[in-house]
Novice: 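One structure, as structure tokens, below. Some questions next.
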Protein chains: 2
Amino acid sequence: MSAHPTTSSGYWYAADGERPPALQVLEALRAYRTAESAMRLRTRESMGMGEKDVLALRYLLEADRAGTPLSPRDLASKLGISSASTTTLLDRLSRSGHVARRPHPTDRRALVIVATEEADCEVRSTLGAMHERMMRAARELSAEEAATVTAFLHAMAEAVEAADEPQLEERVEDCRQAAPDHGAA
Amino acid sequence: MSAHPTTSSGYWYAADGERPPALQVLEALRAYRTAESAMRLRTRESMGMGEKDVLALRYLLEADRAGTPLSPRDLASKLGISSASTTTLLDRLSRSGHVARRPHPTDRRALVIVATEEADCEVRSTLGAMHERMMRAARELSAEEAATVTAFLHAMAEAVEAADEPQLEERVEDCRQAAPDHGAA
DNA sequence: CAGTATTACTAGATTGTCTAGTTATCAGCT
DNA sequence: AGCTGATAACTAGACAATCTAGTAATACTG
């Protein structure tokens, strides 16, 4: 950062005490992220489940609606957990009555997981009002504003996705040389 | 949803095959969220830590920079974990050389947690390039566009934060009455 | 029809979290 | 000053969710 005094930090945008708009945007993005993860925690607690369980339920309901039901295998890969964990996750959700295991119509090894009506109600009633509020806010944007916001969010997703970085060790080494004093070690 | 045919879903915005802008915006928001959580996972794995550990490090570095160091207590409340978990978290981070426990200047019961130079380097080198990309994208917005995006993100955060809902049981009950057939049970 | 791949599950170990209780220190009251 | 209750960090023991490795049943392929 300190090597780029003309670009990102180190000066004031002073007259009216405001920070540069780009910073405000990123700050707002972070605020949203924080609010969102707090909401996730509330949801998690309100339904008495772990985070993966809630996420799994979301995927299942989505797939149900789209008419393309999921197998345990699909779920495992979407959630990024192992097949073993998926089994126990399904045990949990099944015991709590949120999902049911159905035989796959053609493959007798496989299963199809469906969310129960109760789970659908629970999720809808927990998240529905929030979705409504978000939709209302989104609809208040003009077409041009919506395009701006959409483009920005896509740019952010792209910025976050790029992953062609050197190995950790090298990067840390570079940094150590660049900043030889910090007073912490 | 199906009870509001004029507002949210159920018609086409047809001529050029596009969905309504509000939907596109929310979809972009979800895409960003997905990309971000994938990034978090990569970070987590690249540094060989749990999610809470990475988050704790972020808070610590932020606090360090702001000149307001954190106590284990502060950290526990920011992370939403217990004091006991905080102790073991600090044991982990301390053993791996990312943080150090320092005596509090005035309160001899308390500690001050500082991130080591190495942790600073590691986080900076892992997330620095990404921040740069995000900043670059944000700076490409005009002042008005930035204002639009900022306002939208604040509205979203607000939409997600509102939490004055009835108890879970009642909501589920309402829903069950409203949608008596779904074929899952 | 035989051999390999795939699906879901089981067993045992590891990890991160929690609650409850301990010790040292601080701040207020008499 | 000398108690007394509150607070900070830590310790012990238990629990929940995950992982790896391996098993049984079923599907595909030559």
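Residue numbering restarts at 1 for every chain, and letters A, B, ... go by the order of the sequence lines.
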Novice: What contact category does A110(A) fall into here, base, sugar-phosphate, or nothing, at under 4.0 angstrom with non-hydrogen atoms?
Specialist: sugar-phosphate

Novice: Would you say R44(B) places a side-chain N or O within less than 4.0 Å of OP1 or OP2 belonging to dG16(C)?
Specialist: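 Checking dG16(C) against R44(B), no side-chain N or O comes under 4.0 Å of OP1 or OP2.
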
Novice: Need one value for L90(A): base, sugar-phosphate or nothing, where a base atom within 4.0 Å counts as base even if backbone is also close, heavy atoms only.
Specialist: nothing

Novice: Are the charged groups of R136(B) and E140(B) less than 4.0 angstrom apart, N to O?
Specialist: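 So R136(B) does not pair with E140(B) through a salt bridge.
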
Novice: Closest nucleotide of DNA chain D for R108(A) versus for A84(A): which of these residues is on the 5' side?
Specialist: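 Closer to the 5' end of DNA chain D: A84(A).
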
Novice: Rounded to whole Å, please give me the gap between CD in E45(A) and P in dC18(C).
Specialist: 10 Å

Novice: Would you mind reading off the distance between E51(A) atom CD and dA17(D) atom P, rounded to a whole angstrom?
Specialist: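 The distance from CD of E51(A) to P of dA17(D) comes to 13 Å, rounded to the nearest Å.
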
Novice: Assess the side chains of T116(B) and E118(B): does a donor N or O sit below 3.5 Å from an acceptor N or O?
Specialist: no

Novice: Measure the distance from CD1 on I81(B) to C1' on dC15(D) and round it to the nearest whole Å.
Specialist: 17 Å

Novice: Taking OP1 and OP2 of dA24(D), is either one under 4.0 Å from a side-chain nitrogen or oxygen of R109(A)?
Specialist: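 It does not, given that no N or O in the side chain of R109(A) lies less than 4.0 Å from OP1 or OP2 of dA24(D).
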
Novice: Classify L89(B) by what it touches in the nucleic acid, base, sugar-phosphate, or nothing, heavy-atom distance under 4.0 Å.
Specialist: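 No contact at all - L89(B) keeps every heavy atom at 4.0 Å or more from the nucleic acid.
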
Novice: Round to a whole Å and report the spacing from CG of L93(A) to C1' of dA8(C).
Specialist: 16 Å

Novice: Taking only Lys NZ, Arg NE, NH1 and NH2, and the carboxylate oxygens of Asp or Glu, determine whether R40(A) and E36(A) approach each other closer than 4.0 Å.
Specialist: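 Yes.
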
Novice: How would you label the contact of T88(B) with the nucleic acid (heavy atoms, under 4.0 Å): base, sugar-phosphate, or nothing?
Specialist: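 Contact class for T88(B): base.
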
Novice: For dC9(C) and T87(A) - does any side-chain N or O of the residue sit under 4.0 Å from the phosphate oxygens OP1/OP2?
Specialist: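 The answer is yes; a side-chain N or O of T87(A) sits under 4.0 Å from OP1 or OP2.
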
Novice: Does S82(B) make a side-chain N or O approach to OP1 or OP2 of dC18(C) shorter than 4.0 Å?
Specialist: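 The answer is yes; a side-chain N or O of S82(B) sits under 4.0 Å from OP1 or OP2.
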
Novice: Taking the nucleotide of DNA chain C with the closest heavy atom to each, which residue, D91(A) or D107(A), is nearer the 5' end?
Specialist: D107(A)

Novice: Round to a whole Å and report the spacing from NZ of K52(A) to C1' of dC19(D).
Specialist: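 Spelled out: NZ on K52(A) to C1' on dC19(D) is 11 Å.
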
Novice: Can you tell me if E158(A) has over 12 outside heavy atoms packed within less than 6.0 Å of its CD?
Specialist: no

Novice: Is there a side-chain polar atom (N or O) of S85(B) under 4.0 Å from OP1 or OP2 of dC18(C)?
Specialist: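 So the side chain of S85(B) is within the cut-off, an N or O lying under 4.0 Å from OP1 or OP2 of dC18(C).
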
Novice: To the nearest Å, give me how far apart CG (L41(B)) and C1' (dT18(D)) are.
Specialist: 14 Å

Novice: Compute whether any side-chain donor of one residue and acceptor of the other, for S71(B) and D74(B), lie under 3.5 angstrom apart.
Specialist: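 S71(B) vs D74(B): donor-acceptor pair found between side chains.
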
Novice: Which whole-number value in Å describes the distance from M49(B) CE to dT15(C) C1'?
Specialist: 15 Å

Novice: Can you measure L111(A) atom CG to dC9(C) atom C1' for me and round it to whole angstrom units?
Specialist: 10 Å

